[in-house]
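Step one of this worksheet: look at the structure below.
One-based numbering, in listed order, for ligands and for the atoms of each.
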Amino acid sequence: MRRPKWFMTGNGATGWRAGIAVLGALCAVIVALSGADAKADVEEGDSLKLPEIMVTLDGEAVTSVAQWRQTRRDEILDLFRTHVYGRSPDAPVEMSYKTFEEDPHALGGKALRRQVALTLSTEAGEARIDVLLYLPAAAEEPVPVFLLLNFGGNHTVHSDSAIALPRGWVQPRVSPPEEYRGARQDVHCVELIIERGYGVATAYCGDIDPDYRHGFTHGVHQLFDVPEERPGDAWGAVAAWAWGLSRILDYLETEKAVDSSRVAVLGHSRLGKAALWAGAEDERFSVVISNNSGCTGAALARRPVGESVAAINRSFPHWFADNYKAYSDREDELPVDQHMLIALIAPRPAYVGSASEDRWADPEGEFLAAVHAAPAYELYGLKGLSTTEMPDVNTPIQEGHIGYHLRAGRHDVTEYDWERYMDFAEKHWK
Ligand code: GTR
């Protein structure tokens, strides 16, 4: 079993040394449970021996935007595709969009609601993604939009009775679907977003790839995958969700009321991992926001705290490429770490939101990844995070092109998070 480093006593640790180690471990457990961990700082990141962002596979130092764009960025993308998320197909897919429901006076007249079926087809099969879009009714110009996937169906994001139920498989914890209308309303904050003048687009992640081990035969996998011929770098669910986010952006580009040059992609937890990967793969997303995405999201893999690569591969073998399994308990051998994922978003603004009690997602590891992504922003003459010291709770850092906050509380998305994300995006959209 993989243990956090603070638990390791090293070779020959006996007697008082072992006693001190056990005491240290107990303190660490107490600290972790209290949610008040020691502050992470940049030196700690250095001691983790993170892979270099700014050195090419040939050992050349990257000192210009041209080198970054022509060589290093593609190398890093390819390493993530090969070893972590898998390779999304670039084969052609046909898409059609059909509005199946619309109300220009939704939410008591505050919003226009539109529900659109995206039908994707190839010779192999067909998939359908239902997009729920709310736009401020009063908007006279195309509006920027926050795009996020949801966990349980579009109807969970608001109690609005017109929202269509999901058509396929849903998680047992939100089944039967009718009983969960509006159940995640507090997480999606639709009214708050509309009141600030933005639109929100969402789709059920299960329309893209149902979140269970179905052997890559459902959702968008039907369009491309031959299950018996899956190579080690075939895409997993996280890459499929990210790819689906890009297809939704294709659709948003056709919506006249949406300013598609200002679409922020956002996601919570596993869907935060997908939002980061979508932002890395698809440079059309203008702002990329990770909320409590943790392991294989914003958190450094090499920091032995919270969920490990072994744990995530064990519990969710369908999320990533099969090649990723080789790094269970061998994080140090990964050719990438998650600071490089954030670096791929440069020069676009990126934001990492953590929560103080969310030890499983390792807030300090998320912070350090954001800190160590800076070199990519600096190449463009931009500042990444404006501090290298872990901030106090509820003290957002928003001066640079990378933003970060540690919200007080548990693994969740709250109004506090949304307000900070909108503050940050607003700064960059002005
Ligand atoms: C956990 C998983 C995390 C995180 C979370 C979620 O069980 O270990 O990586 O993604 O689920 O998505 O809610």
With backbone taken as N, CA, C and O and side chain as the heavy atoms from C-beta onward, which portion of Lys273 lies under 4.0 Å from ligand 1: side chain, backbone, both, or neither? side chain
When only distance counts, is Trp360 in polar contact with ligand 1, meaning an N/O pair under 3.5 Å? yes
Looking at atom 7 (O) of ligand 1, what's its closest protein heavy atom, distance included? Phe316 CZ, 3.4 Å
Checking a contact table here: which protein heavy atom is nearest atom 3 (C) of ligand 1, and how many Å away? Glu307 OE1, 3.1 Å
Donor-acceptor contact below 3.5 Å, side chain Lys383 vs main chain Ala374: no
Is Arg270 touching ligand 1 with its side chain, its backbone, both, or neither, if touching means heavy atoms under 4.0 Å apart? both
How close do His268 and Phe151 get, heavy atom to heavy atom, and via which atoms? O-CZ, 3.4 Å
Give the residue and atom name of whichever protein heavy atom lies nearest to atom 4 (C) of ligand 1, and the separation in Å to one decimal. Ser269 OG, 3.0 Å
CD (Glu364) and CZ (Arg303) are apart, to the nearest 0.5 Å, by 5.0 Å
Residue-level breakdown please: for Leu271 versus ligand 1, do any non-hydrogen atoms fall below 4.0 Å on the side chain, on the backbone, on both, or on neither? neither
Heavy-atom contacts with Ile312 under 4.0 Å: which atoms of ligand 1 show up? List them by number with element. 9 (O)
Decide yes or no for Lys98 and Thr119: does some side-chain heavy atom of the first lie under 4.5 Å from some side-chain heavy atom of the second? no
Contact between Glu366 and Gln338 at the side-chain level, heavy atoms closer than 4.5 Å - yes or no? no
Distance filter under 4.0 Å to Trp319 heavy atoms, resulting ligand 1 atoms: 9 (O), 10 (O)
Is a side-chain donor-acceptor pair under 3.5 Å present for Tyr351 with His405? yes
